[in-house]
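Working notes for the structure below.
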Amino acid sequence: MASFRASAAVVDVRRGVDPPDVLEAARRAVATGWTVEDAFVDVEPLARGTGPPRVTVRFVVPTGNDQEEDAAAWQAAKTLATGLGRVAVWSDLRVFRRDRGQWVRLDGSA
């Protein structure tokens, strides 16, 4: 199985939503179709003044060829964005693939 990360910047939380619910919404959305390995919020961009915090969900995609796996990872990312959009305003959706011990950003939206 190939390991991926999908992340999005959280610009604002919708009225009445508790901040911990934002991470849970993203995790739950991806878990509808993929096995989630981890989920976290990276506040470093906010602390450095380089942008808003990012929600990241790490998940696995069943083995196929690289193109199929990458397409499935982008579908998981879009699912994350849909779930996240219910509780927060987000931007900058990204997908990373684990390759030889490093996270490599995937271009486009396969």
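Residue numbers count from 1 along this sequence.
- In terms of hydrophobic clustering, with Ile, Leu, Val, Met, Phe, Trp and Tyr side chains grouped at heavy-atom distances under 4.5 Å, Leu84 and Phe40 are assigned to different clusters.
- Of the possible polar contacts, one joining the Glu68 side chain to the Asn65 backbone as a donor-acceptor pair under 3.5 Å is found.
- Contacts of Arg98 classified as salt bridge (charged side-chain N to carboxylate O under 4.0 Å, His left out), with partners at least two apart in sequence or in another chain: none.
- Both Val57 and Val43 belong to a single network of hydrophobic side chains, linked directly or stepwise wherever heavy atoms of I, L, V, M, F, W or Y lie under 4.5 Å apart.
- With contacts defined as side-chain heavy-atom distances shorter than 4.5 Å, the pair Val95/Phe4 qualifies.
- Minimum interatomic distance between Met1 and Pro62 (heavy atoms only, all atoms of both residues): CG-CA, 4.3 Å.
- The stretch residues 4-15 participates, sequence neighbours left out, in these side chain to side chain donor-acceptor pair (under 3.5 Å) pairs: Ser7-Arg54.
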Candidate pair Thr32 and Thr79, rule side chain to side chain contact (heavy atoms under 4.5 Å, CB included), full reasoning | CA-CA 9 Å; Thr32 63; Thr79 301; 3.9 Å; yes
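- Of all the heavy atoms in Val61 and Trp34, the pair that sits closest is CG2-CD1, 4.1 Å.
- The two residues Trp74 and Asp107 have their closest heavy-atom pair at NE1-O, 3.9 Å.
- Using a distance-only test at 3.5 Å, with no hydrogens or angles considered, a donor-acceptor pair links the side chain of Glu69 to the main chain of Gly64.
- Looking at every heavy atom in both residues, Leu93 comes nearest to Trp90 through CB-CZ3, 3.7 Å.
- The minimum heavy-atom distance linking Ser3 with Trp103 is given by the pair OG-CH2, 3.6 Å.
- Taking 4.5 Å as the limit, every side-chain heavy atom of Asp18 sits out of range of all side-chain heavy atoms of Val13.
- Minimum heavy-atom separation, Leu80 to Ala8: CD2-CB, 4.3 Å.
- Tracing side-chain contacts under 4.5 Å through hydrophobic residues (I, L, V, M, F, W, Y), one reaches Val36 starting from Val87; they form part of the same cluster.
- Using a 4.5 Å cut-off on side-chain heavy atoms (C-beta onward), Val10 and Pro52 make no contact.
- Under the 4.5 Å side-chain criterion, counting only non-hydrogen atoms from C-beta, Leu106 is not in contact with Phe96.
- Of the residues listed (Val55, Thr56, Leu46), the one engaging Val41 in a side chain to side chain contact (heavy atoms under 4.5 Å, CB included) is Val55, and it is the only one.
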Donor-acceptor pairs under 3.5 Å, side chain of residues 19-27 to any protein atom, not counting sequence neighbours: which ones?
unit_1, atom_1, unit_2, atom_2, d
Glu24, OE1, Arg27, NE, 3.1
Glu24, OE2, Arg27, NE, 3.4
Glu24, OE2, Arg27, NH2, 2.5

